[in-house]
Amino acid sequence: MNLSDNLTKLAIALGICYAAYRFAPMAAVKAAAVGVAGTIVAKQLPYVGDVL
């Protein structure tokens with residue numbers, strides 16, 4: 001996979017998390033969206049991705 005494909009998948013996943021955070025009325029859904037987005041970003045970091 002090239003960089004463009006990886007960035008596209010990352011942007012779609014984070015966009016879904018942002019939409020859940022932005023438009024969800026419940027605080028639990030917002031917290032879950034932030035947690036999922038944090039995990040997605042952490043998996044992209046070389047030194048954290050190896051541990052996860």
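Since we're looking at a predicted model, the values are computed, not measured.
- What you find for Ala20 and Ala24 is that their closest heavy atoms are O-CB, 2.9 Å.
- Every residue two or more places apart in sequence or in another chain that forms a side-chain contact (heavy atoms from CB on, under 4.5 Å) with Tyr21 is listed here: Lys30, Ala33, Val34.
- Other cluster members for Met26: Val29, joined by side-chain heavy-atom distances under 4.5 Å among Ile, Leu, Val, Met, Phe, Trp and Tyr.
- Note: Thr8 OG1 to Leu3 CG = 9.0 Å, rounded to the nearest 0.5 Å.
- Under the side-chain contact (heavy atoms from CB on, under 4.5 Å) criterion, Val36 pairs with Cys17, Ile40, not counting sequence neighbours.
- Remark: Ile16 engages Ile12 in a side-chain contact (heavy atoms from CB on, under 4.5 Å) (not counting sequence neighbours).
- One distance of note links CG of Leu10 with NZ of Lys43; it measures 12.5 Å at 0.5 Å rounding.
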